[in-house]
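None of the values given here were measured: they were computed from a predicted structure. As a basis for the values below, the full set of heavy atoms in this structure was taken, side chains included, without hydrogen atoms, waters or symmetry mates. Just so we're on the same page: letters track the sequence lines, and every chain starts at 1.
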2 protein chains.
Amino acid sequence: MTPYHHGDLRAELLRHAARRIEEAGPAGLSLRELARDAGVSHAAPRQHFRDKQALLDALVISGLERLGRRLDRALRDPGEGFDERLTRFARAYIRFATQNRELLALMFARKDAPDATDELRAANEAAFAAPRAMVDHAAANGDIADTDADRVAMAILATVHGLAAIIIGGMIGDRSPDTVVAGTVNVLARGLSRAH
Amino acid sequence: MTPYHHGDLRAELLRHAARRIEEAGPAGLSLRELARDAGVSHAAPRQHFRDKQALLDALVISGLERLGRRLDRALRDPGEGFDERLTRFARAYIRFATQNRELLALMFARKDAPDATDELRAANEAAFAAPRAMVDHAAANGDIADTDADRVAMAILATVHGLAAIIIGGMIGDRSPDTVVAGTVNVLARGLSRAH
DNA sequence: ACCTGAACACCGTTCAAGT
DNA sequence: ACCTGAACACCGTTCAAGT
């Protein structure tokens, strides 16, 4: 074989993996295939990833970092009202979900797995820092009826993640994702609002 | 080998599959393993299932039937108020989800897949007949502000399915599932309610 | 330090052959 | 009609050996 030194095999394997995972999910992703993509022997990836799970976890971590950057950008203006920020969060999350459906499913499944790495847990914490700050601020500000920020955060994440699942599943028929998001976020915002 | 005629190999394979799928998910389920469980050769399942996907789809269909029966029972009393019926639906769905997490994930993923069978789609329709009737009744009755039953159903399913995902993911810490369900369903019911 | 090549124990799927 | 056994093309993982 020719290419002894490769530059950065680790990064190249992750690049191929990020593309391949959307084709057939984590189960359909093959280490041997990635090695072929990179032009190295099937045993070469072992040098950089202990096993397939380690490679998938690296993929999850970079996914959480990308998602985190998007959420930070979506919630960068703290002057906006709670409803608008809620909508921005939902849209950003769901956009990421539709563009990276297999990766997001893996991220969601792995981030709290029993055998999750500390690094992985930390990446998850970091990714959701902006929405957590949003909820804390709204609770302190009296924008929402419930003062238990954790409970509110749970209701929000459940709704937004569920919405993503439904949109990805093709269960919204002809409607545009943004319309569906707006409709459900309105229900959520009404439910959370102080006045009733 | 000994056991030529087996009784009902198809049913026995499905029984073993239903147990095995919760151990390691659909990807970790092996046809050869199921054949060993049943004491037949590795090629025998081929007689009853065209391929692995066909076996998984049969599993999904029986899962939808079981879920449908539970939802029917939970919503059997049409005299209850909308909020209470919503809570019953959520609890029943989430109970099924926590008891059959791998199966539910597969059900959710397969029911609207591009290559889904007509039989599979029909099973999905049938399983959710009771909650659909609940929403139609509430919309006609003026229990909810929104008269677009589809939009309401989408908000409900998104919230309840998202809640199931969060509970399964172990993201509720020390709280009891029923407490979390009650909290989020209250938010949802407030959001959907007519008065504001 | 980084990679190769052979080996091992698994898969799903196919197909001639057996009863 | 229902099942077996061998075969094929794949896997992930391990490990001695090469540079």
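For residues 115-147 of chain A, no pair satisfies ring pair (Phe, Tyr, Trp, His ring centres under 6.0 Å), with sequence neighbours left out. Among residue pairs with one or both ends in residues 105-117 of chain B, those qualifying as salt bridge (Lys or Arg N to Asp or Glu O under 4.0 Å) are B:Asp57-B:Arg110, B:Arg110-B:Asp115; sequence neighbours excluded. Screening residues 160-177 of chain B for salt bridge (Lys or Arg N to Asp or Glu O under 4.0 Å) gives A:Asp148-B:Arg175, A:Asp150-B:Arg175 as the qualifying pairs, with residues at least two apart or on separate chains.
Mapping B:Gln53 and A:His42 onto DNA chain C by nearest heavy atom places A:His42 closer to the 5' end of the strand. Taking the nucleotide of DNA chain D with the nearest heavy atom to each of A:Arg50 and A:Glu33, the more 5' of the two is matched to A:Glu33.
Of the residues in residues 8-24 of chain B, those with a non-hydrogen atom less than 4.0 angstrom from any atom of DNA chain D are B:Leu9.
The interatomic distance linking B:Phe49 (CZ) with D:dC3 (C1') rounds to 15 Å, in whole Å.
Every residue meeting the side-chain hydrogen bond (donor to acceptor under 3.5 Å, both in side chains) condition with B:Glu84, not counting sequence neighbours, appears here in chain and number order: B:Arg88. Residues passing the side chain to side chain contact (heavy atoms under 4.5 Å, CB included) test with A:Ala127, sequence neighbours excluded: A:Leu64. Scored by the side chain to side chain contact (heavy atoms under 4.5 Å, CB included) test, A:Asn100 finds A:Glu22, A:Arg66, A:Arg70, A:Phe96, A:Leu103 as partners (sequence neighbours excluded). Residues passing the side chain to side chain contact (heavy atoms under 4.5 Å, CB included) test with A:Pro45 are A:Leu13, A:Ala35, sequence neighbours excluded. Partners of B:Arg32 by side chain to side chain contact (heavy atoms under 4.5 Å, CB included), not counting sequence neighbours, listed by chain and number: B:Ser30, B:Arg36, B:His42.
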Name the pairs: protein N/O against N/O of nucleotides 8-10 of chain D, kept only if under 3.5 Å.
none

Distances for protein N or O near nucleotides 15-17 of chain D N or O, under 3.5 Å:
none

Worksheet item: Given the rule that a pair is Watson-Crick or G-U wobble with both distances under 3.5 Å, how would you write DNA chain C in dot-bracket, using | for pairs to a different strand?
Response: ||.|||||...|||||.||
